[in-house]
Each structure stands twice: as C-alpha cells, then as structure tokens.
Number of protein chains: 4
Amino acid sequence: MSAPASPSPPADAGAAQESQRRAERRQAIVERAARRFADIGYADCDMGNLAKDLGIAKGTLYLYFPSKEELFYACVDAGMQQMQAAVETAAEPHADPLERIWHAVRAYLEFFERHPEHVELFIQERASFKHRKQPTFFNYREQIRGRWRAVYLQLQQQGRIRSDVPVERMLEIVGNLLYGTMFTNHFAGRQISLDEQHAAVMAIIYRGLLP
Amino acid sequence: MSAPASPSPPADAGAAQESQRRAERRQAIVERAARRFADIGYADCDMGNLAKDLGIAKGTLYLYFPSKEELFYACVDAGMQQMQAAVETAAEPHADPLERIWHAVRAYLEFFERHPEHVELFIQERASFKHRKQPTFFNYREQIRGRWRAVYLQLQQQGRIRSDVPVERMLEIVGNLLYGTMFTNHFAGRQISLDEQHAAVMAIIYRGLLP
Amino acid sequence: MSAPASPSPPADAGAAQESQRRAERRQAIVERAARRFADIGYADCDMGNLAKDLGIAKGTLYLYFPSKEELFYACVDAGMQQMQAAVETAAEPHADPLERIWHAVRAYLEFFERHPEHVELFIQERASFKHRKQPTFFNYREQIRGRWRAVYLQLQQQGRIRSDVPVERMLEIVGNLLYGTMFTNHFAGRQISLDEQHAAVMAIIYRGLLP
Amino acid sequence: MSAPASPSPPADAGAAQESQRRAERRQAIVERAARRFADIGYADCDMGNLAKDLGIAKGTLYLYFPSKEELFYACVDAGMQQMQAAVETAAEPHADPLERIWHAVRAYLEFFERHPEHVELFIQERASFKHRKQPTFFNYREQIRGRWRAVYLQLQQQGRIRSDVPVERMLEIVGNLLYGTMFTNHFAGRQISLDEQHAAVMAIIYRGLLP
DNA sequence: CATGAATGAGTTTTCATTCAT
DNA sequence: TATGAATGAAAACTCATTCAT
C-alpha cells in the first residue's frame, strides 16, 4: 500500500525512525564503553580502540557524545538507572514492608553480581573525576533513600522495628552495609552463595550479633 | 670484625646513620606523595611537581623508588599499616571481647576520619592498577580477619553472641558494614557526630533492626 | 520542443531561472563566507558552521564550491572585483587625469574603510595558501596598473608631472603607498578623518616633503 | 691550570655557562622556526618536524618554549628587533637629518630584502592570531615613530621640509609607503635594483609627482 | 648521592569531504 | 538538488624515565 491512512505521515515516521536508530546506537555505544571502561580503566581506554571495537570511526563516537568524559558519565548513569529499576521491580510486587526490604536487598546484591562492570565504574568515576562534587552513586542515594524512608517509618509506627534508633540511622547503616558488601563481593570474591549471603545479611540486619 | 670497642663503631655507625637518613627521607616522600595522590589523583600527580614540592630533584625520587607505581604502592601500604596499628592500639588495653570489638570499630572509623587521604588511595589503587590481582586493602583483610576470628569464636563459645550465624559470616558482615561506612562518610559526608554514628552502628550490630 | 507558446518557455525559462537561483545562492554563500573568513580566520572557519549560518546543509555547500579553498578564492576574487569597480566608478565621471587620480585614491581608501573584511582576506590568503604563486591582489595589480599607466603617461607628456622619474616607478610608489595605508588603517586604526588623510596623502604625492 | 685566580668561582661559571648554552639553543630554535613558519605557514608547521629538523626531541622544544604560539611570537619579536637594530645602525653615523632619513629608508628596504622570512611572519601573525589586539609590527611602530618624530620636527623648524603638512602626517605617509613597498617587493617581486627603487622612492618622498 | 636536561611514546579531538538516501 | 551521518587523518602537548655530569 502506498501511503495508508496511517496517523503518522511519512516525514514524521522517517524522523521517528531516525531518532530511534540514533537512540539504539547510543545505547550500543554506552554498553560497549561501560564494559571497556570497567575492564581496562578510564585512563587506559582510548576512544580509537573503542570505536574500532564498535566497528565505527573515531569521529562517529563524537557525533553521539561530545567527549570521552561525557560518554563515561552516560555509562555510569545508565548503570545507576538499571540498578534502581532492578531494585524497584523486585520490591514492587510485595506489600509487606519487611518483605519489600528483603527482596530489595536481594535485588541490590544480585544486580551488582550480574553487572560487575558498574561496580568498577563507580571506582573509576571517583578516581578520575575528583572535581565532580559528588560521585553519581551518591547523587542517586538521597533519591533512593527518600523512597525507603517511608517504608521504615511505617514499620516503626507499627512497632515492627525498634524505636530507639532513628530511621535515618537505620537507612544509613543498611545502605552502608550493602554498599560495603557489594564492593567486597566484587574485589575479594564471595565465598558462599548469594542466597547464603543474603540470608546472613538479613539475619544480622534483623537481629544483630547478640543472641 | 674490624669494629673497635668504641660504643658506636664508625663504620657501622656511618652505615646505620646513612641507612636511617635514607629511611627518613623515604618516609617523607611517602607522606607527601600520599597526600598528593589522594588530592589530585594518581594520573594527575606528576613526579616533577612532587619532587619540586619536596625540594629535591626529579631524578632523586628514582633513587628511593624505582617507579611511580612502586611509590604509590608504598603509600597505600603505609596507610594500611597505620590503620592496623591504630585499631590494634585501641583494642589492646581491653580484655573483654565485646569491648575489644567496640573500641576497634571506633578506632577504624576514627582512623579514616582523620586520614581521608587513605580512603582516596584505595580508590586510586583500584582504578589505576586493575592488573594487580587484589587491592592492597583486601590483601590485609585476611590477616586482620584472622586475629578477630578468634575473638568472635570465643564470644560464641561463651554464648555471648548468637550461634545460628557462622563466625565467618559475622566477620564479613561487620567488615562490610564498616567498609561501606568509611566510604560513605568520606564521599557523602557524615551528618552526625562520630560518637553518635558509632553508637548507632554498634546498636544495630548487636541487636539488629527488630525490636 | 514541448514548450508551448507561453511568453516564457518553461524549459528555457526554467533553466534560466534555475541558473539565476544558483547564481544568487552562490553569491549569498560568498558574502557570508567572506565575512566569516575575515572575522575568525580561514583555519578557524569551518564549513559546518558556515552552512548552519546560511541555513543549508553542509553537503549543499559542496554543490556550489568544490572545496573550502575554492570558496575562499571566490571570496577574495569577489572583493577585488568590487574594489576595482568602486575605483572605476569614482574616476569615470572625471576627464582631467589629475582629478581622476585624486578620486581614484579616495575611492580606494574608502572601499577598504567600508569593507575591512577584504583587507583581512588578503592576509588570510597569503598566510594559508603559500603555494599559490601570487596572491590574488597582485594578480589584479598588473591589470589595474595597465589602465593607469596611460593616465600617467598622458600627464607626463603634457608636462603636468615630472619627467625625471619613469611612469613605472610612479605607479609602483603610489600603489605601494596606498597599499601600506590601507593595511595600516586597518591594523593600527586611522587617527584622522578619511578626508584629512586623503588630503595629506595627495599633498605628499603631488609635492613631496620638501618645501 | 686547574682553577686560576679567576674572579668567577666554578659554581657561578657553571651556571653562567649553562645559562649561555640555553640562550644559544633558544636562538637556534628561533632561527630555524622562523624560517619554517615563513616557508610553510604557521598552521602547516608542526612541532614534531621542527624538532626533527633541529635534531632534538619534540619534548625538548617545550623545555624552551611553553607552546607553539609562544615560539612563534619569539620569532616575530626577534625579527622586529633585528630590523630596528639594522635601521638604527644605518642612520647612526649620519648627523644631517635628511641623510639619516635617506639611510634609514635604505636600511629598512634592505633588511626585508635580506630577511624575507620576517615579512612572512607578519602575515602569519595577523592571520593566525587575530585575538592579539595589535600585531607585533604595530606594537613597535609607535616606539620607532617616536624617535623619528624629533628628526622631522627639527627639519621643519629649519625650514628644510614643508610646513603645511603636520609632521605626524609625514611620519604616517612615509611609514605607509615603506610598509607597502616592503610587502610588494616580497609578494610581487622587485623589477629594478634596490638602489634604483630607493632613489625613486626618495625622489617622490622629497619632491612628489608634480614637476 | 644528587641533579635536571633530554627523550618520545601516547591520546583526544576537530573538521573537510564523501555518499547513501 | 539537498541532506547530514559517517569518515579518518592529523598534531599539540605531557610526563615517566634515563643518564651524563
């Protein structure tokens, strides 16, 4: 059929298609770049090789990202968004706050297990861009914490978690524990299964060391 | 031996003195270098400026360290040793295992509070030397853990901490929590006093979130 | 021919119209390009921005000029032709040779006063295209000089200018003086009015420094 | 003799010698660079080839000049100073103002005849560094003019040059004529001998075109 | 031991030009 | 004709390391 009664005229369709092509290629670049940045480090990763790896010309890279630095940030941001999404998705089906927490923790650990490159990117970012006031990870932190604060408050009001430690402290401590665990898993390796680790972490988070 | 009965034999004394001079300068270099590496990052820190800063010639640096990389490792190692010493010193006067842990945690947090450059050095190391199998921090980790394992085991045998979580898990979890807290304090700032933070951390470590 | 008896036959008219459209756009490109080349220099002027400035696509520029270099030459040539026309127009109404000279000098100075971009283009041309045997300015020089040689010869034959200096020398000297004045006005600024400058220049040309 | 009663102790002598070595090499670089900048243009002259040409490493160039731009300026400045010196030297032995002018004009034309590279450098400077408020040539201009103003004033007071044109105008006109002549000689070639040209220029400067 | 001049490999980014649509 | 995405060559500058003095 030449020109059906489609609501989107050819011109727009072309533009949309064009725009989609662009978005797809952008993402392909980000994915490959993230891997490389993580594998060999920001400084040692050169744009020429990245381009060759992607099968495009060096200059083409610059049609999608204005600089190596911006490309790097795009990688870090993409990772953070994926992580957030993974955690949300894991918690979402569960109504009970404690269950939400339980699944969120699990999803967090699992995400970095499956995407070790993003752990590396956090490190690279901090090391290479000290001038950025706060690393991307901590930019997202407050936003994430906002959502969980409500959950903890509700639990506290229901008397289901202790009241002698402010919610704010709890958020920090759980966050720090997970943050440290993610790093340690990555750098030193995890000796036990993710399930075991998750169970042990939750056991301590819930009841602490004392009997 | 050609050394006469002089209380300080000239030859040896000369050598010793020489050796001491050398050690002192080595340390001076390491201290200044650690600060610079932390402040501006490994890649942006150049040997020329470091030498100028120390008031010595660029070539002289190479009489003390064979390369920039080795100098950097020396900085990281020095930091780890200081940290270990600080923690040991804090725990040592206390006989009771729980008190030892209490003071050790406090000393750990305090050390990185007072030496933020060492937090940075860990980051720099991981970012710049991916080829090294494990970061220095994790090299020391097993050694440190060995000493604390005994403490936790003793507590468990005494029934003073829970038995349903293996000591190994406890060591990991406490370690990870502290590791995460140290990083977060450094990157995102600490909103409360060290004492408060310490108290909150210990409260959760001891009793968990549940009431 | 398929062209009906329309007053403007479609085919020819279309071609002519087409050709005119093309000429107009060529000129528009040259004008804008001349300004940009002059303002920011040949090397710093990029085809992409020029195209954007003109509201056309980068590739379209290449439908009108085979290369950046050729576009540049077109700009310089256009400038020279305008200058020549301005000088001719100024001299044309005057019959008396001395008056013709007087008005031509004035027109020359005025042209570069009003079109400083062409001064810049001469500079740019020489700096960027050393391989061209002679700059455009000097290509036109002989041609211009031919026309004026007759004027000077006539004056000399009439005994109205001195005979102890060959006309050739006079042409050179007057040309050089104007050339130098044009540059100096442009680069160092003119401290007096164009009229005053013109008068002073003519006074020296006519009578020299001596009383 | 090992260490004669020389007034300069070894240390100073070493430093002085070092400093002289450096000055000599600086000059060697400037000379070679001036030639290359003039021959192939500022933009097309790359530091790598210049270094190779000088038999030194690229990095060494940067020990003497902080950037390509600064090296270029050093070349232009050196040329201006040599020119000034040549003109001074030519005028200096003569007491009579008219003779001083006569010899200065001659020296000016001769200098650029023998150092065509400096003509090119003026062009290159203007073309490549439009941001510099005024080209080097015009920076020196006022300074040079200051010295000659006195000469012309004296002549005017003695009634040896005309009084109906201000000295300021005369300075400008003579300057512009020489400036234009220098450029034209360089770009279009000189058809007659320097002596002839000099004579013709002086004839017009002194007496103008009219009989 | 100490110096610091010399080295040269290594990398990001720009932009004129092409060509498939 | 017009477009603009893709290309890839080209060059300034840095800095760890060496070595003659």
Side-chain angles (χ1 to χ4, degrees), chain A residues 14-15 17-18 21-22 25 42-52 54-71, chain B residues 18 21-22 25 42-52 54-72, chain C residues 18 21-22 25 42-52 54-72, chain D residues 14-15 17-18 21-22 25 42-52 54-71:
Chain A
Q17 198 179 320
E18 197 44 43
R21 244 185 71 83
R22 191 178 162 81
R25 185 170 273 196
Y42 178 81
D44 290 342
C45 180
D46 74 282
M47 298 294 269
N49 286 342
L50 172 57
K52 204 180 295 172
L54 281 158
I56 61 178
K58 223 181 327 179
T60 307
L61 235 33
Y62 285 86
L63 294 179
Y64 290 86
F65 299 92
S67 69
K68 186 183 178 186
E69 193 168 332
E70 287 300 327
L71 170 56
Chain B
E18 203 40 45
R21 247 184 64 84
R22 189 176 163 82
R25 184 173 271 193
Y42 178 80
D44 291 342
C45 179
D46 70 279
M47 299 293 270
N49 285 344
L50 173 58
K52 203 182 296 171
L54 282 158
I56 62 178
K58 221 181 334 178
T60 307
L61 278 180
Y62 285 84
L63 297 176
Y64 289 86
F65 299 92
S67 70
K68 187 185 178 185
E69 192 168 332
E70 287 301 326
L71 169 56
F72 179 77
Chain C
E18 202 38 47
R21 246 181 67 84
R22 189 176 164 82
R25 185 173 271 192
Y42 178 80
D44 291 343
C45 180
D46 69 278
M47 299 293 270
N49 285 344
L50 173 57
K52 202 181 298 172
L54 282 158
I56 62 178
K58 223 183 328 178
T60 307
L61 278 180
Y62 286 85
L63 297 176
Y64 290 86
F65 298 93
S67 69
K68 187 184 179 186
E69 193 168 332
E70 287 302 326
L71 169 56
F72 180 78
Chain D
Q17 196 179 320
E18 196 45 42
R21 243 184 71 83
R22 190 177 163 81
R25 183 170 276 196
Y42 179 81
D44 291 342
C45 180
D46 75 280
M47 298 294 269
N49 287 342
L50 173 57
K52 205 180 294 174
L54 280 158
I56 62 179
K58 216 181 335 177
T60 308
L61 235 35
Y62 285 86
L63 294 178
Y64 290 86
F65 299 92
S67 68
K68 188 184 178 187
E69 192 169 332
E70 287 301 325
L71 170 55

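Hydrogens, waters and symmetry mates play no part in the numbers below; they use all other heavy atoms, side chains included. So you know, we letter chains A, B, ... as the sequences are listed, proteins then strands, and number each from 1.
For the pair A:R22 and D:E69, nearest-nucleotide mapping onto DNA chain F gives the more 5' position to A:R22. A residue-by-residue look at C:I56 and B:P66 shows that C:I56 has its nearest nucleotide of DNA chain F further toward the 5' end. The residue among C:G48 and A:Y42 whose nearest nucleotide of DNA chain E lies closer to the 5′ end is A:Y42.
Listed by first and then second residue, the side-chain hydrogen bond (donor to acceptor under 3.5 Å, both in side chains) pairs involving residues 56-68 of chain D amount to none (not counting sequence neighbours).
C:Y64 comes within contact range of the sugar-phosphate backbone alone, with a heavy-atom separation under 4.0 Å but no base atom that close.
Between the CZ atom of B:R25 and the C1' atom of E:dT3 there is a distance of 12 Å, rounded to whole Å. Atom CZ of B:R21 and atom P of E:dC1 are 8 Å apart (whole Å). Atom CG of D:L63 and atom C1' of E:dG4 are 10 Å apart (whole Å).
Not counting sequence neighbours, the partners of B:E69 by the side-chain hydrogen bond (donor to acceptor under 3.5 Å, both in side chains) test are B:Y73. Applying the ring pair (Phe, Tyr, Trp, His ring centres under 6.0 Å) rule to B:F72 yields the partners B:F37, B:Y42, B:F129; only residues at least two apart in sequence or on another chain are considered.
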Taking distance alone, no hydrogens or angles, what donor-acceptor pairs closer than 3.5 Å link side-chain atoms of residues 44-51 of chain A to residues at least two apart or in another chain?
| unit_1 | atom_1 | unit_2 | atom_2 | d |
| --- | --- | --- | --- | --- |
| A:D46 | OD1 | A:N49 | ND2 | 2.9 |
| A:D46 | OD2 | A:G48 | N | 3.3 |
| A:D46 | OD2 | A:N49 | N | 3.3 |

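In this structure, B:I56 CD1 and B:R25 CZ are separated by 5.5 Å, a value rounded to the nearest 0.5 Å. How far CG of B:L71 is from CG of B:L61: 7.0 Å, rounded to the nearest 0.5 Å.
Counting 5' to 3', DNA chain F first comes under 4.0 angstrom of a heavy atom of chain D and last does so at the ends given by F:dA11 to F:dT14.
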For nucleotides 9-11 of chain E, list the nitrogen or oxygen atoms of the protein found under 3.5 Å from its nitrogen or oxygen atoms, one pair per line.
| unit_1 | atom_1 | unit_2 | atom_2 | d |
| --- | --- | --- | --- | --- |
| E:dG10 | O6 | D:K58 | NZ | 2.8 |

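For DNA chain E, the stems formed by at least three consecutive Watson-Crick or G-U pairs, with both atom-pair distances below 3.5 Å, span E:2-21 with F:2-21.
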